[in-house]
Protein chains: 2
Amino acid sequence: MGRLNCGFFVEPMPDAQHPIQLVSRLSGLSVHVIRIWEQRYNAVEPRRTHSNRRLYTQPQIERLNLLREVTQAGYNISQVAQFSEARLRKLIDEPVAVSNGSFGGPSEASAPFLDECLVAIKALDGLVLEDVLKRAASALGTQGLLQRLVAPLSHLLGELWRDGSLTAAHEHFATSVLRGVLGNASKPFGLPAHAPTLVVATPAGQLHELGALLVSASAVSLGWRVTYLGTSLPAAEIAGAAQISKARAVALSLVYPEDDPNLAGELVRLGEALPPETALLAGGRAMPAYRNVLEGIGAVPVDNLIHLGTTLDDLRKPRNTGHGKSKR
Amino acid sequence: MGRLNCGFFVEPMPDAQHPIQLVSRLSGLSVHVIRIWEQRYNAVEPRRTHSNRRLYTQPQIERLNLLREVTQAGYNISQVAQFSEARLRKLIDEPVAVSNGSFGGPSEASAPFLDECLVAIKALDGLVLEDVLKRAASALGTQGLLQRLVAPLSHLLGELWRDGSLTAAHEHFATSVLRGVLGNASKPFGLPAHAPTLVVATPAGQLHELGALLVSASAVSLGWRVTYLGTSLPAAEIAGAAQISKARAVALSLVYPEDDPNLAGELVRLGEALPPETALLAGGRAMPAYRNVLEGIGAVPVDNLIHLGTTLDDLRKPRNTGHGKSKR
DNA sequence: AAAACCTTTACAATATTTAGACATGGCACA
DNA sequence: TGTGCCATGTCTAAATATTGTAAAGGTTTT
């Protein structure tokens, strides 16, 4: 980087300062919102140029990102605008410092449930694993269980599997137990009579099931009927199932591998085979790798479980009952 | 503020406060219900903002979760609304007095159930399928359900799939629903403390899961701990899992294909890798095709579910003494 | 000159609260 | 069997709060 001639400040890498429009793209917030959050709540106060233009630093952009996630998760911007970064992060992936049992000391451990699960999985102990999950379910609620325990656990298992700490047997075992627990945890009484149907599957070549299970459980607890098809199904099969079950939407989970040349073709075929009134959602760790394809076929990329929830809520309204919020 | 000697922790940050809509998502209760429970029964009384909006703390959310579970379990909200958290937890953990008519009549007709199942599977209707299976379970009892409905159904599905009447999607769908029902149906009681462990899996290349599910459910209802590993696992993985879980036996389900040249090798490797005191059982439609190999490695061919039951009973008694019996 | 930016003000959409009406199902009692 | 009552959840309506978006009018940058 030859700025030798200039010679002024030797600041190693003077944080680049970004104008507001770039920040808008990077944070996913509109310019309006960034300014109004500053004006109303002093959420982020950037440096200014001599001519009074805003210049944001990288940490400030990250803060805006955090704020976007937190508000998307349902918190009020007015409440959280002044929180520290650490506190914001805590709200998102809350380490679940549950007051379980609530005796003794203020159990502070970062993620007790997660650790217990890992231990049980390593020992292939189904009874213990089930017990932990049930306790967690009653402490966290269905959505909490999914978002704060199962989703992180799923990521963790993926990593441990990739680096060899866990074998495929562990992964299969955990999948199987989770399948059982999630199948129950989220099944309340009767669905509303006209609940829309969601088909959940994994396209051909995608063998990991946990993501699909998460989607399925989440959708059920949001009041959808779910037709669960499991892993590695060809596009034609998925489309056929969607038609038979008159699904309002199809959700795919893409986890591994991230560079399957056949998958793009499968996705395109699926996009063509689905009736136009059926929405197509796709999420999972590998989803970003296929974002172009997904946009090309009019599919909705889903970034996380919270996003999934809002997307499903949106899909539920346009049709049928004017008031679409009936939970339970 | 020396907090060193005092020891009472200075709360570093006040508990984050959650607005009602977020609480609704986390608890699975509608906002209406949350409010009305407060108004009528003072179930949970949250703090308010200056503008009178409700703000819930994490413990309050957990309390709502408990209340939801308890009411879903059949208690009246008016009765339990004021209970302490500990008392609510007690209600949940208590057995629900299962009115299990497990003495299923001797010979209920199971053919109608079979037809109903097929119709539901063709329509991909999970609710109906579950309903049929539950009715069948209470009419036939657990073992009857397995031997007289699920096993024939499994065969039938295989045939219909081979001749093209059903697609892979149907098969996956049926597997998934059956998995859920079988997972529940067969584990009402706590296991005896020293129940032996059975590892259930399908060797690499064998993708059909229903047989393994049958074995698993059957074993559980016979009082075994089951470590269920699912489909298509390499021999080394299965052996490793058997060792970790100290299994007394390993059960394999072989269904399709019947002429996999690699499978014989897999079986041999598995036979070698298993510790000698661990028995190896194999059954399923394709089992006869590999009978030679199985005998060569000292595995026990299992012809049907009844045979499986007697075999397991035999294995459970000889408490791992001497090795006169080791079939390998 | 066009585009991007700034501030202030206004407006629209969504959420939340309260109070009360309404629907349903169970149950006692005639 | 029907009738009334209670418990419970759902829904509406009107007032207020919150929050995103837009318009207007000016300045700076390209």
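Heavy atoms only: backbone and side chains are in, while hydrogens, waters and symmetry mates are out. Values in this document were obtained by computation on a predicted structure and should not be read as measured data. Just so it is clear: chains get the letters A, B, ... in the order the sequence lines come, proteins before strands, and each one is counted from 1.
In terms of phosphate contacts, A:Trp37 brings no side-chain nitrogen or oxygen within less than 4.0 Å of OP1 or OP2 of D:dT19. For C:dC6, the OP1/OP2 oxygens have a side-chain nitrogen or oxygen of A:Arg54 closer than 4.0 Å. An OP1 or OP2 oxygen of C:dT7 is reached within less than 4.0 angstrom by no side-chain nitrogen or oxygen of A:Arg35. For the pair B:Tyr41 and D:dA7, the criterion of a side-chain N or O lying under 4.0 Å from OP1 or OP2 is not met. Regarding contacts with the backbone of D:dT19, every side-chain N or O of A:Thr71 stays at 4.0 angstrom or more from both OP1 and OP2.
If you check C:dA15, D:dG20, D:dG9 against the side chain of B:Ile77, the one that comes closest is D:dG9. The side chain of A:Gln21 lies closest to C:dA4, out of D:dT10, D:dT21, C:dA4. With C:dC6, C:dT18, D:dT21 as the choices, the nucleotide that has an atom nearest any side-chain atom of B:Arg48 turns out to be C:dT18. For A:Asn52, counting side-chain heavy atoms from C-beta on, the closest listed nucleotide (D:dT18, C:dC6, D:dA7) is C:dC6.
Put simply, CD on B:Glu38 is 15 Å from P on D:dG9, counting in whole angstrom units. To the nearest angstrom, C1' of C:dG26 lies 19 Å from OH of B:Tyr75. Distance, A:His32 NE2 to C:dT7 P: 14 Å, rounded to whole Å. Atom CD1 in A:Ile20 sits roughly 9 Å away from atom P in C:dT7 (whole-Å rounding). Atom CG in B:Leu55 sits roughly 11 Å away from atom C1' in C:dT16 (whole-Å rounding). Atom CG of B:Asn76 is separated from atom C1' of C:dG26 by 10 Å (rounded to the nearest Å). With rounding to whole Å, A:Ile34 atom CD1 is found 15 Å from C:dA4 atom P. The distance from atom NE2 of B:His18 to atom P of C:dT16 is 14 Å, rounded to the nearest whole Å.
Electrostatic pairing of A:Arg291 and A:Asp303 counts as a salt bridge here, judged by a charged N lying under 4.0 Å from a carboxylate O. Taking a cutoff of 4.0 Å between a charged side-chain nitrogen and a carboxylate oxygen, A:Glu277 and A:Arg248 do not qualify as a salt bridge. Taking the charged nitrogens against the carboxylate oxygens, A:Lys134 and B:Glu69 have no contact shorter than 4.0 Å, which rules out a salt bridge.
A distance-only check finds no donor-acceptor pair linking the side chain of B:Thr71 to the backbone of B:Tyr75 [under 3.5 Å]. Judged purely by atom type and a 3.5 angstrom limit, B:Ser27 uses its side chain to pair as donor or acceptor with the backbone of B:Val23.
Taking CZ from B:Arg25 and CG from B:Leu22, the interatomic distance works out to 6.0 Å, rounded to the nearest 0.5 Å. Taking CZ of B:Phe83 as the start and CG of B:Leu66 as the end, the distance is 12.5 Å to the nearest 0.5 Å.
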Between the protein and nucleotides 9-13 of chain C, which nitrogen or oxygen pairs come in under 3.5 angstrom?
none

Got a list of protein N/O to nucleotides 26-30 of chain D N/O distances below 3.5 Å?
{"from": "D:dT28", "atom 1": "O3'", "to": "A:Ser51", "atom 2": "OG", "distance (Å)": "3.1"}
{"from": "D:dT28", "atom 1": "O2", "to": "A:Arg53", "atom 2": "NH2", "distance (Å)": "3.1"}
{"from": "D:dT29", "atom 1": "OP1", "to": "A:Ser51", "atom 2": "OG", "distance (Å)": "3.2"}

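For A:Gln72, the CD atom sits in a packed shell: over 12 heavy atoms of surrounding residues, nucleotides or ligands are nearer than 6.0 Å. More than 12 heavy atoms of other residues, nucleotides or ligands shown are found within 6.0 angstrom of CZ on B:Arg135.
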**Asked** Going through the checks in order, is the salt bridge (charged side-chain N to carboxylate O under 4.0 Å, His left out) test met by B:Glu38 and B:Arg48?
**Response** CA-CA 13 Å; B:Glu38 176 187 343; B:Arg48 304 293 187 113; 3.3 Å; yes
